[in-house]
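Values reported hereafter were calculated over all heavy atoms of this structure, with side chains retained and with hydrogens, waters and symmetry mates removed. Counting convention: from 1, in listed order, for ligands and their atoms alike.
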Amino acid sequence: MKVLVLGAGQLARMMSLAGAPLNISISAYDVNSDAIVHPLTQQQLGTGLTKAIADADVVTAEFEHIPLPVLALCQASGKFFPGETAIKAGGDRRLEKQLLDSAGVRSAAYHIVNNEADFKQAIQQLGLPLVFKSALAGYDGKGQWRLKQPEQAAALWQDIAAFLATDQQQAIVAEQFIPFQRELSLIGARNAKGQLQVYPVTENHHVNGVLSVSLAVAGNESLQQQAQQMFSAVANQLNYVGVLAIEFFEVDGQLLVNEIAPRVHNSGHWTQQGADVCQFEQHLRAVCGLPLGSTALVRPSLMVNILGEDTVPQPILALPGLHLHWYGKTKRAGRKMGHINVSAADTAQLKQRFLQLIALLPESAFPELTQMAQRLN
Ligand code: AMP
């Protein structure tokens with residue numbers, strides 16, 4: 001089968017690698033250059049978008065910030081999964097909040113801000129502290145402001161007003177600050193028959209707003225049940241087909257949705273070595289109408305992101321249970337360049353291997369890993 005992926009980054013690349021054994025070939029649409037490219041080599045394939053859609057059996061996406069005319073074109077083909085509505089909901093925090101409300105799942109209380117009166121009303125209605133997030137094009141903590149003290153409000157409004165003035169379509173979603181203990185995510189798939197398969201909940205650690213480490217958390221039934229219930233509510237509400245990721249805040253054992261990603265997700269990369277069928281293959285199975293695979297955890301696993309580095313010490317490859325995944329990208333400060341998966345027979349061994357890995361990695365490029373390792377028991 002031929003699958004066209006909107007977006008030509010590492011997620012399309014890993015879909016391509018996972019699809020090859022199933023004879024699924026991937027071409028990718030690079031939104032920046034408006035070109036169809038090979039997802040591994042980035043070589044231009046010479047077909048325009050319209051022909052690429054016509055040639056494909058299935059169209060899908062690896063990210064949600066896609067121009068609306070492109071989404072409309074794909075939707076009109078009748079072979080776009082998870083489809084326009086889901087991708088738009090992932091790319092616009094206003095639509096995302098509406099979706100969460102209509103699916104009846106808990107998320108932080110919010111107020112939409114388009115002008116100064118809305119800004120003041122948000123503070124009055126929700127109280128402080130608040131997090132202000134750009135409705136469009138926000139990811140990895142970009143386009144966010146915090147307000148803790150009322151006396152900082154006037155200066156913050158100046159910043160937000162200047163930001164809103166740059167784009168007519170833009171708005172701000174003001175959200176109550178959630179004093180969470182942990183950030184978690186659930187990755188799962190839904191197929192066209194409405195069948196669901198979800199992976200174990202993942203615990204996520206961020207450094208400066210960017211994901212650093214994800215750890216599969218098996219065995220917490222209460223969290224798994226809550227996450228699964230919210231996952232099915234959102235996936236069913238969207239009549240979703242494909243892999244969907246939902247990020248949560250955990251507050252005293254209760255989950256609130258932070259955001260959704262209508263695609264394969266960075267916090268699910270551990271599934272490449274830790275799960276029976278990885279998230280990339282699972283997504284392709286779902287969108288191609290193939291049976292979903294088992295999402296069972298085959299061994300305790302974690303993932304470490306490689307940010308802004310294009311080399312790692314070679315001896316890490318000698319560690320048992322370690323797999324290195326580069327994305328073939330040009331080095332840039334903070335850029336997601338690759339990731340390392342570590343797996344083991346049990347959690348104690350995973351912690352031991354993680355500590356061995358940390359000892360080999362430069363602390364400056366991989367900050368805070370030691371604190372994260374302490375959480376593994
Ligand atoms: P986001 O891009 O929405 O995932 O936000 C980036 C990070 O900011 C999250 O991973 C959280 O650590 C933090 N954050 C976002 N929203 C809130 C909130 N309402 N309360 C507390 N922290 C938040």
Go through the structure and list residues passing side-chain contact (heavy atoms from CB on, under 4.5 Å) with Lys2, not counting sequence neighbours.
Ser25, Asp57

Determine whether Gln98 and Glu96 satisfy the following criterion, side chain to side chain contact (heavy atoms under 4.5 Å, CB included), listing intermediate values before the conclusion.
CA-CA 5 Å; Gln98 273 172 21; Glu96 186 178 42; over 6 Å; no

Do Leu100 and Tyr110 sit in one hydrophobic cluster, given that two such residues count as connected whenever their side-chain heavy atoms are within less than 4.5 Å of each other, even indirectly?
no

Any nitrogen or oxygen of Phe177 lying under 3.5 Å from a nitrogen or oxygen in ligand 1? Just yes or no.
no

What do you reckon, does Glu247 have a nitrogen or oxygen under 3.5 Å from a nitrogen or oxygen of ligand 1?
no

Proximity of [X] to ligand 1 by residue part, where a heavy atom lies under 4.0 Å:
| X | result |
| --- | --- |
| His205 | neither |
| Gln176 | backbone |
| Val131 | side chain |

Short list, please: which atoms of ligand 1 are under 4.0 Å from a heavy atom of [X]?
| X | answer |
| --- | --- |
| Arg93 | 2 (O), 3 (O) |
| Phe249 | 11 (C), 14 (N), 15 (C), 16 (N), 17 (C), 18 (C), 23 (C) |
| Arg146 | 8 (O), 13 (C), 14 (N) |
| Gln144 | 1 (P), 2 (O), 3 (O), 5 (O), 6 (C), 8 (O) |
| Ile178 | 18 (C), 19 (N), 20 (N), 21 (C) |
| Phe180 | 12 (O), 21 (C), 22 (N) |

My understanding is that only one of Leu147, Val113, Leu156 makes a side chain to side chain contact (heavy atoms under 4.5 Å, CB included) with Ile123; could you say which?
Leu147

Centres of the Phe81 and Tyr240 rings: under 6.0 Å?
no

Is it true that Lys88 and Glu64 have a side-chain N and a carboxylate O under 4.0 angstrom from each other?
no

Main-chain N/O of His205 paired to Glu368 side chain as donor or acceptor, under 3.5 Å:
no

With sequence neighbours excluded, what pairs up with Lys351 under the salt bridge (Lys or Arg N to Asp or Glu O under 4.0 Å) test?
none

No-hydrogen, no-angle side-chain donor-acceptor test under 3.5 Å, Gln279 and Thr271:
no

Would you say Glu96 touches ligand 1, if touching means a heavy atom closer than 4.0 Å?
no

Option set Lys133, His206, Glu175, Glu183, criterion heavy-atom distance to atom 10 (O) of ligand 1, minimum
Glu183

